[in-house]
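Okay, so here's the structure we're looking at.
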Amino acid sequence: TDPIADFLTRIRNATMAYRRHVEVPGSKLKRRLAEILKEEGFIEDFSWTDDGKQGILHLTLKYDDVGQPVIEGLERISKPGRRKYVGADELPRVRSGLGVVIVSTSRGLLTGREAREQHVGGEVLCTVW
């Protein structure tokens with residue numbers, strides 16, 4: 001019932017099993033989430049396959065030199081049962097700047113840093129570190 005939680009859980013499960021690739025049912029929102037994760041260096045790459053229905057996102061996960069996943073943790077903040085909205089001044093910092101918070105704003109999905117720069121608030125979707 002919660003596509004973002006499903007997206008994060010599939011990534012979490014794949015990293016715990018040390019999988020290199022993971023497939024996720026696609027949507028525009030998930031594609032933008034994957035773009036942000038790639039820009040921030042949490043995943044190596046992603047691709048989109050149109051299957052005639054909703055499409056499939058293929059994510060290539062990133063691991064360090066020792067073989068440990070780059071993504072240490074993912075947490076869903078705003079849930080369908082309890083939404084969390086914050087102003088631009090109240091955006092949380094994740095692990096003293098080592099992680100990233102993803103915010104749904106009126107200007108689309110942004111990282112916490114981008115939202116602070118543009119001085120917009122919104123719904124805090126998730127944190128990644």
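All residue numbers in this chain count up from 1 along the given sequence. What you see below is based on every heavy atom in this structure, not just the backbone, and it leaves out hydrogens, waters and symmetry mates.
- Residues Leu110 and Phe7 fall into different hydrophobic clusters, defined by Ile, Leu, Val, Met, Phe, Trp and Tyr side chains chained together at heavy-atom separations under 4.5 Å.
- Here the straight-line distance linking atom CG of Leu74 with atom OG1 of Thr127 works out to 8.0 Å at 0.5 Å rounding.
- Going from atom CD of Glu114 over to atom CZ of Arg116 covers 11.0 Å, rounded to the nearest 0.5 Å.
- Grouping Ile, Leu, Val, Met, Phe, Trp and Tyr residues whose side-chain heavy atoms lie under 4.5 Å apart, directly or via other members, places Leu91 in a hydrophobic cluster with Ile77, Val86, Val94, Val101, Val103, Val124, Trp129.
- Distance CG/Leu8 to SG/Cys126: 5.0 Å, rounded to 0.5 Å.
- Cluster membership check: Val100 does not share its hydrophobic cluster with Val120, using side-chain heavy-atom separations under 4.5 Å among Ile, Leu, Val, Met, Phe, Trp and Tyr.
- Annotation: side-chain hydrogen bond (donor to acceptor under 3.5 Å, both in side chains) contacts of Gln118 (sequence neighbours excluded): Arg107.
- Under the side chain to side chain contact (heavy atoms under 4.5 Å, CB included) criterion, Asp51 pairs with Lys53, Ile56, sequence neighbours left out.
- In terms of modelled atom types and a separation under 3.5 Å, the side chain of Tyr18 and the main chain of Pro69 share no donor-acceptor contact.
- The shortest non-hydrogen separation linking Phe46 to Leu59 is CB-CD2, 3.5 Å.
- For the side chain to side chain contact (heavy atoms under 4.5 Å, CB included) test, residues two or more places apart in sequence or in another chain that qualify with Ser27 are Leu29, Lys30.
- Among pairs with a residue in residues 79-94, those fulfilling side-chain hydrogen bond (donor to acceptor under 3.5 Å, both in side chains) read Arg83-Glu123, at least two apart in sequence or across chains.
- To the nearest 0.5 angstrom, Lys62 atom NZ is 10.0 Å from Arg20 atom CZ.
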Ignoring hydrogens and angles, write down the donor-acceptor pairs under 3.5 Å from the side chains of residues 33-43, residues two or more places apart or on other chains.
residue	atom	partner	partner atom	Å
Glu35	OE1	Arg32	NH1	3.2
Lys38	NZ	Asp45	OD1	3.0
Glu40	OE2	Arg113	NH2	2.8

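- Here the side chains of Leu125 and Arg76 are in contact, with some heavy-atom distance below 4.5 Å.
- You'll find the side chain of Asn13 reaches within 4.5 Å of the side chain of Thr9, heavy atoms only.
- Annotation: the span from Glu44 atom CD to Leu61 atom CG amounts to 9.0 Å, rounded to 0.5 Å.
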Check against side chain to side chain contact (heavy atoms under 4.5 Å, CB included), Tyr63 and Val70: CA-CA 5 Å; Tyr63 292 88; Val70 171; 5.6 Å; no

